[in-house]
Amino acid sequence: MTVEFWFLIGAALVFWMQAGFAMVEAGFTRAKNAGNIIMKNLMDFCIGTVVFALLGYTIMMGEDTLFGLIGIPNMDLFAHFKEFIASPGNGDYTAASTFVFNLVFCATTATIVSGAMAERTKFSAYCIYSGVISLFIYPIEAHWIWGGGWLSQLGFHDYAGSCAIHMVGGIAALVGAAILGPRLGKYERDENGKGVKVNAFPGHNIVIGALGVFILWLGWYGFNGAAATTARLVRLQRSGSDHSE
């Protein structure tokens with residue numbers, strides 16, 4: 001199996017996880033908000049693809065500058081598209097497959113937040129957030145780790161995106177949830193006015209939620225497997241050497 005083929009298989013499975021997130025979040029929220037949740041997950045990829053292609057990818061993978069804090073943005077993806085999709089002579093993966101691979105992880109980072117702030121975020125405000133995290137936040141911090149930035153220069157290894165994706169998306173979700181607070185009507189004073197009554201907001205479709213869990217379970221094999229870049233490349237290089245002998 002070539003490196004590029006595994007790249008694209010992993011990318012396809014991670015892309016499929018967008019459907020899993022959408023199903024889980026829609027299934028475990030109230031029916032009146034299902035359309036909002038679905039569109040948020042869709043916009044993560046639609047908006048993310050545009051801004052990541054325009055600038056985000058080159059910020060992440062561009063030439064290192066400012067002591068490893070950021071990559072130099074450029075328009076090589078469009079100005080030199082023929083070279084961008086051309087296969088290198090050494091049989092390694094193309095820049096185009098690297099772009100697709102990093103794009104799906106960028107969208108995943110963005111979509112982590114949608115569930116944490118479900119049912120209390122305006123669609124227009126979420127679209128702005130999705131564009132900002134895909135254009136600046138993810139590309140800059142991913143450059144530190146996977147783009148040759150200061151953390152990678154120190155020898156830092158991020159297993160399966162636990163830092164570049166999960167931690168960044170989780171922190172953004174925590175900040176957003178803390179700012180927004182609980183859903184309206186979730187907590188209210190009891191009849192005596194001394195305690196707090198917690199109102200349950202059950203999901204409207206447990207079957208869809210369960211379907212989303214299985215989709216995410218399948219996508220996990222692409223996420224954790226394909227994102228473990230160092231271990232994967234070493235393994236493939238060894239396999240190639242053994243085969244050539």
Is the backbone of [Y] close enough, under 3.5 Å, to the side chain of [X] for a donor and an acceptor to pair up by distance?
| X | Y | answer |
| --- | --- | --- |
| His204 | Thr29 | yes |
| Ser134 | Gly131 | no |
| Arg183 | Arg120 | no |
| Trp144 | Leu69 | yes |
| Glu25 | Ile38 | no |
| Tyr221 | Leu13 | no |
| Lys186 | Asn199 | yes |
| Thr111 | Thr108 | no |
| Asp44 | Ala107 | no |
| Thr58 | Asn74 | yes |

How long is the straight-line distance from [atom2] of [Y] back to [atom1] of [X], given to the nearest 0.5 Å?
| X | Y | atom1 | atom2 | result |
| --- | --- | --- | --- | --- |
| Met43 | Ile128 | CE | CD1 | 14.0 Å |
| Glu141 | Trp146 | CD | CH2 | 8.0 Å |
| Leu77 | Phe52 | CG | CZ | 9.5 Å |
| Leu66 | Ile72 | CG | CD1 | 8.0 Å |
| Asn205 | Arg30 | CG | CZ | 15.5 Å |
| Thr65 | Ile59 | OG1 | CD1 | 12.0 Å |

Take atom [atom1] of [X] as the centre, draw a 6.0 Å sphere, and report whether it contains more than 12 heavy atoms from other residues, nucleotides or ligands.
| X | atom1 | answer |
| --- | --- | --- |
| Leu184 | CG | no |
| Gln153 | CD | yes |
| Phe214 | CZ | no |
| Phe67 | CZ | no |

Is any side-chain heavy atom of [Y] closer than 4.5 Å to one of [X]?
| X | Y | answer |
| --- | --- | --- |
| Leu216 | Phe21 | yes |
| Tyr187 | Lys197 | no |
| Ile140 | His143 | no |
| Val196 | Arg189 | yes |
| Asp158 | Cys163 | yes |
| Lys40 | Thr121 | yes |
| Phe101 | Val14 | no |

Decide if the gap between the ring center of Phe105 and the ring center of Tyr138 is smaller than 6.0 angstrom. no
Between [X] and [Y], is there a shared hydrophobic cluster once you connect ILVMFWY residues whose side-chain heavy atoms come closer than 4.5 Å?
| X | Y | value |
| --- | --- | --- |
| Leu54 | Met60 | yes |
| Met167 | Phe136 | no |
| Trp16 | Leu211 | yes |

CA sep, side-chain torsions, deciding dist, call: Tyr126, Tyr129, ring pair (Phe, Tyr, Trp, His ring centres under 6.0 Å): CA-CA 5 Å; Tyr126 185 85; Tyr129 146 78; 5.2 Å; yes
Least distance between heavy atoms, [X] atom then [Y] atom:
| X | Y | value |
| --- | --- | --- |
| Ser152 | Gly149 | OG-O, 2.7 Å |
| Val113 | Ala173 | CG2-N, 3.8 Å |
| Ile37 | Ser114 | CD1-O, 4.2 Å |
| Gly209 | Val24 | O-CG2, 3.6 Å |

Would you tell me whether Glu119 and Asn36 have side-chain atoms, one donor and one acceptor, within less than 3.5 Å of each other?
no
Would you kindly say whether Asn102 and Thr98 are connected by a side-chain donor-acceptor distance under 3.5 Å? no
Paired with Thr109, the side chain to side chain contact (heavy atoms under 4.5 Å, CB included) test is passed by just one of Ile137, Val104, Ile133, namely Ile133
